[in-house]
There are 2 protein chains.
Amino acid sequence: MVAAPIAETGPSSGRDRILDAAAARFAELGFTETSLRLIAGDVEMKAGSLYYHFGSKDELFVSVLARGIALMSDGFDGAAQRVAAAAEQQDARAHLAEHVRAHLRVLHGNFAFTSLHVTSFRTAPEAVRAAIVPERDAYEAKWTALLGSLLPGRSADEIGILRLVLFGAINSSIEWFDARRGNLDDFADVVTDQFWNGASRPHEKDDNDST
Amino acid sequence: MVAAPIAETGPSSGRDRILDAAAARFAELGFTETSLRLIAGDVEMKAGSLYYHFGSKDELFVSVLARGIALMSDGFDGAAQRVAAAAEQQDARAHLAEHVRAHLRVLHGNFAFTSLHVTSFRTAPEAVRAAIVPERDAYEAKWTALLGSLLPGRSADEIGILRLVLFGAINSSIEWFDARRGNLDDFADVVTDQFWNGASRPHEKDDNDST
DNA sequence: GTCTATAAACGGATAGAC
DNA sequence: GTCTATCCGTTTATAGAC
């Protein structure tokens, strides 16, 4: 599945413009603090008009979250392809680094759609959570499988906890990382090194950067 | 400063009962989704009566957040005292483990007051954030100083990022850790080992547990 | 200290004109 | 496809009785 199909009506159709504006406001203010009147104002429409494109505020939010997951999932698959296509066989650390870079690039490169999964998912209406949980589970399963293959000595329980710890470390960066002040790939390398080698070992720079 | 002074009017005065109920609801539903009517109902009062104890909803939320930080800060100081009083001089890893355990124990042991700092701080009203930022900074500074002393080879920038990565890994546990299914001190040990030694090294159990 | 009553504003959602 | 107008519920906060 591809995350960004061009809509039939063109690149910036009414529906997509609403989706972009909604994502930006949800990311900025949270779900409940964002009113439909505010989103409508951002695309120079009236609140009632949104209901031609979306059935409810919940449905609009689900659409935004679904797009966020689709982008993350595509990013993971792209990283897996680059690893498979690498001329020299990569070691485990380089393999992990490729995926951490991909995750962080998509996360920060589509902030409005992806950050909501970190900040607003827990307090979202139950119906919203239920609608998006399967897609989230599928993405998390990719990571669990990856870590399991990279750390063959660990039990399934340990892999599960390590994934949560890694996600906590990486995803919390949306609350503080500022792309104008730091380089995202550099941060990805620091996190990978910390996770893989530990903070007590001197940091070795990863030169296997892909662009 | 002590975090839990007994109020003049007794252990469960009106004000403290409101504070406890508010914290529980804020943690469960978030700031905006929690109405004053709901909090009042939990303590068998009417919404208007809350204004005798608190000037506004914002002020009530700030009081909850401030108590959360005070508890975390006291927990850190307690860990520091245990380290200083240890008969044998502890190594860096054991020193870190003591503080990670203390942080996690206070975090999960006072969930209603502390989890809000992880889940609801970012979307809180600007006035609320401004009021609580100094206390948060002071707690973070304790950790920055600790990590700096434990990792003398690292630059201040690196220490800052490592603290954020560690906080992300630890604090995100409030979204998934269930004390009924897992042992919190065991998790603290896993996180400490992962942070200090890295996931690629076999896990060595820490026997220096304090009770 | 707690209550009732109410002000004033804002929310999601719908109906029907154009 | 978008607008206007409106319904109806909920919110924080205040005023004054008890």
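So you know, we letter chains A, B, ... as the sequences are listed, proteins then strands, and number each from 1. Computation of the quantities below employed the complete heavy-atom set of this structure, encompassing side-chain atoms and omitting hydrogens, waters and symmetry-equivalent molecules.
- A:R15 is linked by a side-chain contact (heavy atoms from CB on, under 4.5 Å) to A:S13, A:H53, A:F54, A:S63, counting only residues two or more places apart in sequence or in another chain.
- Rounded to a whole Å, the OH atom of B:Y52 is 21 Å from the C1' atom of D:dT12.
- The salt bridge (charged side-chain N to carboxylate O under 4.0 Å, His left out) analysis of residues 52-62 of chain A, with sequence neighbours excluded, yields no pairs.
- Distance CG (B:L50) to P (D:dT11): 13 Å, rounded to an integer number of Å.
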*asked:* Can you give me the dot-bracket string for DNA chain D, 5' to 3', counting Watson-Crick and G-U wobble pairs with both distances under 3.5 Å, using [ ] for crossing pairs and | for partners on another strand?
replied: |||||||.||||||||||
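- What separates CE of A:M45 from C1' of D:dT4 is a distance of 14 Å, to the nearest Å.
- Side-chain polar atoms of A:T114 and A:H108 form no donor-acceptor pair below 3.5 angstrom.
- Here B:F187 and B:W176 bring their ring centres to under 6.0 angstrom of each other.
- Atom NZ of B:K46 is separated from atom P of D:dT11 by 14 Å (rounded to the nearest Å).
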*Using a 4.0 Å heavy-atom cut-off, write out nucleotides 11-18 of chain C from 5' to 3' as B (base contacted by protein), S (sugar-phosphate only) or - (no contact).*
BBBB----
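- Protein atom CZ of B:F61 is 13 Å distant from nucleotide atom P of D:dT12, rounded to whole Å.
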*Starting from the C-alpha separation in whole Å, work towards a yes-or-no answer on side-chain contact (heavy atoms from CB on, under 4.5 Å) for B:T119 and B:E175.*
CA-CA 9 Å; B:T119 59; B:E175 309 232 359; 3.9 Å; yes
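- For B:H117, there are no ring pair (Phe, Tyr, Trp, His ring centres under 6.0 Å) partners two or more places apart in sequence or in a different chain.
- The interatomic distance linking A:R17 (CZ) with D:dG1 (P) rounds to 13 Å, in whole Å.
- Contacts classified as side chain to side chain donor-acceptor pair (under 3.5 Å) and involving residues 37-51 of chain B (residues at least two apart or in different chains) are given here: B:R25-B:D42.
- Note: CD (B:E59) to P (D:dT12) measures 15 Å, nearest angstrom.
- The only member of A:F195, A:F76, A:F167 that meets ring-ring contact (aromatic ring centres under 6.0 Å, His included) when paired with A:H99 is A:F76.
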